[in-house]
Amino acid sequence: MGKPTGFQEYNRELPSKIKPEERVKNYNEFVGRFSDEKLNQQSARCMNCGIPFCHSGCPLGNVIPEFNDAVYRKSWEEAYEILSTTNNFPEFTGRICPAPCESACVLGINKPPVAIEEIEKHIIEIAYERNLVKPGAPFLKTGKKVAVVGSGPAGLAAAAQLSKAGHNVTVYERDDKPGGLLRYGIPDFKLEKWVIDRRVDVMKQEGIEFVCNTEVGKDLSMDELTRNNDAVVLAGGSTIPRNLPIPGRESKGVYYAMEFLKQQNKRVGNSPISDEDILATGKDVVVIGGGDTGSDCVGTSNRHGARSVRQFEVMMQPPQARTASMPWPSYPMVLKTTSSHEEGVERHWGVNTKEFLGDENGNLRALRVTDVTWETDFLGRPVKFTEVEGSEREIPCQMVFLAMGFVHPQHAGMIEQAGVELDERKNVKAQEGVYRTNVSKVFACGDMRRGQSLVVWAISEGREAARKVDQFLMGHSLLESKDAVNAYEY
Ligand code: FAD
């Protein structure tokens, strides 16, 4: 522990952010950096408590008290080494992780938790500045060939680990640039794309080959891929969005969130846009879905210059603080106000959309909605909603974004050709911790296997799947595992 009394002396602080009215003028990141003194104080708040619950809160098993201590001592190389042992891409998680580690921080029981995520971001940015992030070279090349399909965080993590183990790795990506949802989902104002390019450059120098503009199952058959490789890792994400099939769905102006977000990221990245422009400029926008994807649509609509932005959620407003059903150290489902919300939005909960209303030309002009109340079970979980009588009304709007999550991966093409079994949620079936599908030498990880999730989980699954592939190819693996107990289990 850096400073035994640090948690008593210093309060939690976060770096300053550019004011909302300024930052909505562009798509740049807007969170500043800690001064040296502040970074030192924030790391000093870690108590090195006897049982660091933050480790288990983090899906990667990040060794948090140790890197906080190294940061306190300004031992940058050591801090970077500790962090990179468990996390291939702290520059992604340090920017966009919802930080379940902080929810599990022991200090968080009665004080604001340690600012772990910001400390993580500072460690990796300082490491890049000091030229500590260098391409790694394996001791031995194994001569084995592995294909990774999908270059999101799961595919990238699997590729990085497999290359470290000495295998020849090729990543196939159907988009024009690598990154998955990091590139073409999460807006630039949360994660600027040079951050991905910088990491992909390091990976290329390590010998990993990236083949973009190539959809496996269409441009390259699954059969050819399995024939030419010793193992294949499917990391294609969960890409089929949940629809709202109510009357008027075909109205012009109703889009899936990803149609809007992907196009805007392409615009910022100077990539060609083949579809019609989706611009919220001057429009009254309604975002249906109260989660993170919806929040990204809010931030992007404000940057387009929408006239008004509303966000509707059918569930009731979550509580402001932990309740008895979400005790520490679990991740609490409390009300979250994101930086995009700070920039301007009217948020409504308990609203059910019943119809999209179009004008004579088929353009969206309004929504027909009602308020709802929820019946809950004995654990307080919502079971059934009832419409509030007399609450039906029209909400004028010309653009709607459907941000209600993703149901499962795309089955047509790669998955069908591979012949892999699906689980009851129609994701690729491969047991957690094993990652092997029913098809010989084919593995699966990330959202394609676990369903829509988080970047930190995708990285974790990519790493763990890589270790299983390495064991499959070599009989054993020296790659790190977050669960050392399983190190030699196969
Ligand atoms: P993906 O990132 O989806 O990558 C899959 C890749 O595979 C894609 O590039 C796809 O083009 C490619 N692919 C698919 N099929 C093929 C094929 N047949 N051939 C070749 N390539 C193929 N999580 C967070 O932790 N924090 C956030 O702030 C956050 N914000 C989000 C915002 C949005 C708008 C969305 C949609 C998600 C967000 N998430 C966030 C969730 C997070 O992005 C995902 O959980 C994560 O990216 C999943 O990683 P993945 O590698 O499994 O899949």
Side-chain angles (χ1 to χ4, degrees), residues 58-60 89 92-100 117 147-159 170-191 196 210-222 225 232-242 256-262 264-265 287 289 291-300 331 336 338-340 401-406 409-418 427-428 444-463 465:
C58 173
L60 289 161
F89 313 123
F92 305 153
T93 47
R95 283 173 166 81
I96 52 164
C97 192
E117 184 180 8
V148 175
V149 188
S151 65
L156 290 178
T170 307
V171 180
Y172 294 90
E173 170 55 56
R174 69 179 165 199
D175 272 322
D176 60 343
K177 292 179 190 164
L181 287 172
L182 299 168
R183 169 91 54 190
Y184 286 137
I186 296 169
D188 287 66
F189 54 81
K190 279 167 64 180
L191 174 73
I196 309 171
F210 286 84
V211 181
C212 290
N213 294 310
T214 303
E215 178 165 349
V216 174
K218 190 170 152 205
D219 307 311
L220 175 66
S221 75
M222 211 29 219
L225 202 68
V232 175
V233 179
L234 306 182
S238 175
T239 48
I240 304 297
R242 182 166 287 114
Y256 286 117
M258 279 303 297
E259 294 178 272
F260 178 55
L261 296 174
K262 182 169 184 174
Q264 182 52 44
N265 286 12
V287 178
D292 282 346
T293 303
S295 153
D296 291 344
C297 290
V298 169
T300 305
Y331 187 76
K336 196 170 153 190
T338 67
S339 57
S340 290
F401 299 120
L402 303 178
M404 301 174 303
F406 298 83
Q410 176 188 317
H411 298 148
M414 176 174 77
I415 289 184
E416 281 174 5
Q417 282 184 16
N427 297 317
V428 174
C445 61
D447 281 8
M448 184 160 255
R449 190 202 72 80
R450 72 182 287 123
Q452 179 197 7
S453 185
L454 295 173
V455 167
V456 68
W457 270 113
I459 300 173
S460 169
E461 292 222 345
R463 289 172 61 86

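Read the numbers this way: they start at 1 and go in the same order the structure lists the ligands and their atoms. Just so it is clear, the model here is predicted, and its values are computed rather than measured. Positions are given from 1, in the same order as the sequence printed here.
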Structural part of [X] in contact with ligand 1, heavy atom criterion under 4.0 angstrom:
X	answer
Arg174	both
Ala235	backbone
Ala458	side chain
Phe406	side chain
Val149	side chain
Arg183	neither

Answer yes or no for [X]: is there a heavy-atom contact with ligand 1 below 4.0 Å?
X	answer
Thr214	yes
Asp292	no
Gly413	no
Tyr184	no
Gly217	no

Are any of the N or O atoms of [X] closer than 3.5 Å to those of ligand 1?
X	value
Gly446	no
Glu173	yes
Pro98	no
Val456	no
Asp447	yes
Met448	no
Thr239	no
Thr293	no

Checking [X] side chain against [Y] main chain: does a donor-acceptor pair fall under 3.5 Å?
X	Y	value
Ser295	Thr338	no
Ser238	Met448	no
Gln417	Met222	yes
Arg242	Gly405	no
Asn265	Ile186	yes

>> For atom 53 (O) of ligand 1, what is the closest protein heavy atom, and at what distance to 0.1 Å?
In response: Gly237 CA, 3.4 Å
> Got the closest protein heavy atom to atom 4 (O) of ligand 1, with its distance?
Replying inline: Gly152 CA, 3.4 Å
>> Checking Phe89 now: which residues fulfil ring pair (Phe, Tyr, Trp, His ring centres under 6.0 Å) with it, not counting sequence neighbours?
In response: Phe92
> Counting heavy atoms only, which of Val211, Thr93, Leu181, Ile186 is nearest atom 1 (P) of ligand 1?
Replying inline: Leu181
>> We want to know whether Arg174 and Gln410 form a side-chain donor-acceptor pair, criterion being a heavy-atom distance below 3.5 angstrom.
In response: yes
